[in-house]
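Index from 1, following the sequence. Just so we're clear, the structure is a prediction, and the values are computed from it rather than from any experiment.
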Amino acid sequence: IKFTSQSSTKHISIRFSVEAYNDTPSSLSSLVSPVPQKKLTVSVTDTGIGMDVGEMSVLFQRFQQGNLNTYQQYGGSGLGLYICKLMVHLMSGDITVTSNLGQGSTFSFYIICEEDQAHDDKMTSSTPATSSSSSFSISSLPVITRADARSPHILIVEDNTVNQK
């Protein structure tokens, strides 16, 4: 997101989707008691400086950045996207980037989550029928609950004071 400041048009969009997910082969489905799973996909698109194929090829490697100028201008250790990749893979997902030099980039990831049955049991009939309630739990991580799809909350964590502005 910090690279968007270089663009004359500054636009950042964050999109997410939730869909049913089942990776159990149909031949085994009668043998297992599957916990309903969801695939959560998140994409962040900016109108920043963009990258070429060579820069994108090293982004998810540790201690690597797109090019030397990136480090000189923006700093960083080259570990952020590597750590993101590790975390996403631990949650049975993947992370990718698409980009056009001078036009911006789109970073996307998906993770597989188990549906929180306990939360669904607590839902009351006062919940509007038009509300899209979804909740997820990922192994020992806290349950993430999204009560209303029309007003999602997104937490962005940034430790660099320059990028917080």
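If you take CZ on F109 and OG1 on T41, they are separated by 8.5 Å, rounding to the nearest 0.5 Å. We find the CG-CG distance between L81 and L59 to be 6.0 Å, quoted to the nearest 0.5 Å. Interatomic distance, N22 CG to I112 CD1, rounded to the nearest 0.5 Å: 10.5 Å. Atom-to-atom distance recorded for I111:CD1 and Q37:CD is 11.5 Å, nearest 0.5 angstrom.
When the side-chain hydrogen bond (donor to acceptor under 3.5 Å, both in side chains) test is applied to T98, no partner is found at least two apart in sequence or on another chain. Under the side-chain hydrogen bond (donor to acceptor under 3.5 Å, both in side chains) criterion, T96 pairs with no residue at all, not counting sequence neighbours. Contacts of S43 classified as side-chain hydrogen bond (donor to acceptor under 3.5 Å, both in side chains), with partners at least two apart in sequence or in another chain: S108.
Inspection of the H11 and D46 side chains reveals no N or O donor paired with an N or O acceptor under 3.5 Å.
In this structure, K85 is not positioned above the aromatic face of F60 in the sense of NZ or CZ being under 6.0 Å from the six-membered ring centre and within 45° of the axis.
Applying the side chain to side chain donor-acceptor pair (under 3.5 Å) rule to pairs touching residues 49-62 yields E55-N67, sequence neighbours excluded.
Taking every heavy atom of both residues into account, V58 and Q65 meet most closely at CG2-O, 3.4 Å.
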Output side-chain donor-acceptor pairs under 3.5 Å for residues 99-107, partner residues at least two apart or in another chain, one line each.
from : atom 1 : to   : atom 2 : distance (Å)
S99  : OG     : M51  : N      : 2.7
S99  : OG     : G104 : O      : 2.9
S99  : OG     : S105 : OG     : 2.8
T106 : OG1    : T45  : OG1    : 2.9

